[in-house]
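Worksheet: one structure, shown below.
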Amino acid sequence: MSPQTIPPPQAPDTAPELSIDLWHLWRVIRRRRQIIGAVASLIVIVTAIAVLSMRAEYESKALVLIEKVGSNALERDGVSMDSTQDDYYQTQYAILQSRSLAQAVFDDLKLGLYREFQGGDAVGSLQKAHIRIEPVRRTRLVSIVGVSRDPKLAADIANSGARKFIEQNLENKLFLSKALLKSLDGKVPQSVKESLPAVVGSPLIQTLKGQLASLQGEWAELSSRYRPEHPRMQQLKARMTAVNGQIEREVDHIVESLKIQLGGEFKGSNVRIVDEARAPDWPTRPRRFRIMALAVLLGLAAGVGVGLIVDRWDLTVRTAEDVEGMIHVPCLGLIHLIGRLEWSETAAYDSIWRDGRSVTLEAYRNLRVAVNFRLAQVTGPKVLLVTSSIEDEGKTFVASNLARAFAAAGERVLLVDGDLRRPAVHRVFEVKVETGLSTYLSNGAGDPARIDSSVPNLTLLPCGPVPDNAAELLHDEKIVTLLEWATKRYDRVIVDSSPLFPIADALVWGRHTHGVILVVGAGQSRVYLIQRSVHRLRESFAHVLGIVLNKAQYESFGPYGYSAYYRRYYAASNEERLEAMAKSAAKTPPAPPVGGSSNS
């Protein structure tokens, strides 16, 4: 029998435009949720361990006010000190961060006794890592920040830094006054006193010195004419002595005033502490909540990235788009994954047909329609082969349910178990096997032993005893004879064959059928193996109708799949619907009797 061939579909000439498919992204996230969860959990756990291993650090701030003083320079020998320059505050900030201030704080608090400051350059560590300044913008305030593992020590460092800064600032501001004040203590020559800027600049002293100079000039003029004992000379001398005494008294007065002024300046300062530092209640670092929140976000982002990479390099098919985009073969249908490995094939098979609204049953009805469309040009009885690339992809399960779907449509169907090595049809329908296909192929005469299933219009031709020489039994002549006999008695013949790899039994069946249905387990067979399977079938002159994607997840159905509403509709059992109808009827009040009687 030579089957009618149908040309395979051609791949589209133009590639679709590249765009961001959010639905595809969501499907990848759902499909790779275990990988995403594992990567995210790993990052969160590692971050949590790292955060817990970090030592807490506390920060405490002392607020200091630095006033900008006016011009109050003390000059001596041309040296002056002025605090009104534009770089005044930058200078103060540099002093706050100087090693000398750190050394003063280190000595003041005896930090060498603390384990935190033992070993290495402790003062340098204090200067760089434990004292920080934070100027308050557009104010004359600056915060001196103390950092330590001990909250009380952090406050002590900040307060000590503020105090030492005030002391150093006062010393730097009055270094000339201190030297001058020290020089004024004790006996000082009159010539030194008169050379002081305050004395030289005194108007009274200048007037008295002018008078003394006039008297001295008159003395020099009269000394050439008179002896010193002359009354006029004695009178002039008395006047000069009086002026000198007045000058000395005025100089002493100015010096005493200057000493009082300098002593008062030592007691004042343009720097003061506004707020002292207090021991903080909570550590500043590490910020555990923020770090863990970032770790969660980073973990999710990294997990999604890894999931996309894994999905990109996952050379298996999971969706109809994968089948048609990578294999270039029509996708006849997607069969939803039901049950788990602990389910038996019989239990899964019965669960589909027990409820007429099963979503999986609807998938097989759609598959029946798709197969009929693909074989629309074939007239008369049709022979189908169901196979797969490798084992455990569900070919027997698909063949059995597809056969029942055709039988439910009124066709007379013969389901042939053509897998002579690992037959499984008898397990699905729970029938005893004594004779079957292997017996027929061995004898080569008579009619094959058939079994009527419990399903109307569905007849089974089981494998029979598993032969030792399966390859020798499958001859073209015997298969042609069997299929000619079957097509005279049945409208549809469905052959469940062995996988294409590593044996070639399915190729022998395929060339004598009208079409081959290749069952692919979602996420099982690699793309190259599926492509190789299609190529082998076409090389053996078999017509590949398309691929059935078995064990597919709901997201594999794409944006045109079943919504949650329809899934609930199909998933509801008959018992659940009857129970819901009973509850609804109970809530509805009974209709009033008509004509005084009621119907039971």
Can you tell me how far the [atom1] atom of [X] sits from the [atom2] atom of [Y], to the nearest 0.5 Å?
| X | Y | atom1 | atom2 | value |
| --- | --- | --- | --- | --- |
| L537 | L518 | CG | CG | 6.5 Å |
| L361 | N401 | CG | CG | 8.5 Å |
| I517 | R374 | CD1 | CZ | 10.5 Å |
| L461 | Y440 | CG | OH | 9.5 Å |
| L420 | L474 | CG | CG | 5.0 Å |
| R427 | T396 | CZ | OG1 | 7.5 Å |

Residue pair R132, E134: steps toward the salt bridge (Lys or Arg N to Asp or Glu O under 4.0 Å) verdict
CA-CA 7 Å; R132 190 175 73 251; E134 295 178 354; 2.9 Å; yes
Think R536 forms a cation-pi with F501, using NZ or CZ under 6.0 Å from the six-ring centre and within 45 degrees of its axis?
yes
Compare every heavy atom of [Y] with every heavy atom of [X], then report the nearest pair and how far apart it is.
| X | Y | value |
| --- | --- | --- |
| A449 | T435 | CB-OG1, 3.1 Å |
| P283 | Y58 | N-CE2, 3.4 Å |
| F406 | R368 | CE2-CG, 3.4 Å |
| T316 | G523 | OG1-CA, 3.6 Å |
| S540 | L507 | OG-CD2, 3.7 Å |
| A522 | K551 | CB-O, 3.6 Å |

Could you tell me if the side chain of [Y] sits less than 4.5 Å from the side chain of [X], heavy atoms only?
| X | Y | answer |
| --- | --- | --- |
| I479 | R511 | no |
| T360 | I335 | yes |
| I530 | S389 | yes |
| W509 | V516 | no |
| T481 | W485 | no |
| P423 | D496 | no |
| V306 | R32 | no |
| V296 | M292 | no |

Going through the distances and angles, do L482 and L437 end up as a side chain to side chain contact (heavy atoms under 4.5 Å, CB included)?
CA-CA 9 Å; L482 172 65; L437 178 62; 3.5 Å; yes
Does any pair with a residue in residues 408-418 pass side chain to side chain donor-acceptor pair (under 3.5 Å), and if so which ones, sequence neighbours excluded?
E411-R492, R412-D491
Backbone of [Y] reached by a side-chain donor or acceptor of [X] within 3.5 Å:
| X | Y | result |
| --- | --- | --- |
| K395 | S497 | yes |
| N443 | T439 | yes |
| S53 | A50 | yes |
| T319 | D322 | yes |
| R33 | R30 | yes |
| S453 | V455 | yes |
| Q524 | D392 | yes |
| T387 | S498 | yes |
| S438 | C463 | yes |
| S125 | D121 | no |

Could you go through D505 and R421, starting from their C-alpha distance and side-chain angles, then the distance that decides it, and tell me whether this counts as side chain to side chain contact (heavy atoms under 4.5 Å, CB included)?
CA-CA 10 Å; D505 295 358; R421 303 171 190 271; 2.8 Å; yes
May I ask you to check whether over 12 heavy atoms, not counting those of R422, lie within 6.0 Å of atom CZ?
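Incorrect, the count does not exceed 12.
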E539 and H535: side-chain donor and acceptor closer than 3.5 Å?
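On atom types as modelled, these side chains qualify, holding a pair under 3.5 Å.
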Steps toward side chain to side chain contact (heavy atoms under 4.5 Å, CB included) verdict (V520, V323):
CA-CA 9 Å; V520 175; V323 172; over 6 Å; no
Side chain to side chain contact (heavy atoms under 4.5 Å, CB included) between Y528 and L315: does it pass, once the steps are laid out?
CA-CA 8 Å; Y528 174 77; L315 299 179; over 6 Å; no
D311 vs R318, salt bridge (Lys or Arg N to Asp or Glu O under 4.0 Å): CA-CA, chis, key distance, verdict
CA-CA 10 Å; D311 193 80; R318 296 178 179 273; 5.1 Å; no
Identify the residue among L414, L402, V398, T513 that makes a side-chain contact (heavy atoms from CB on, under 4.5 Å) with I494.
L402
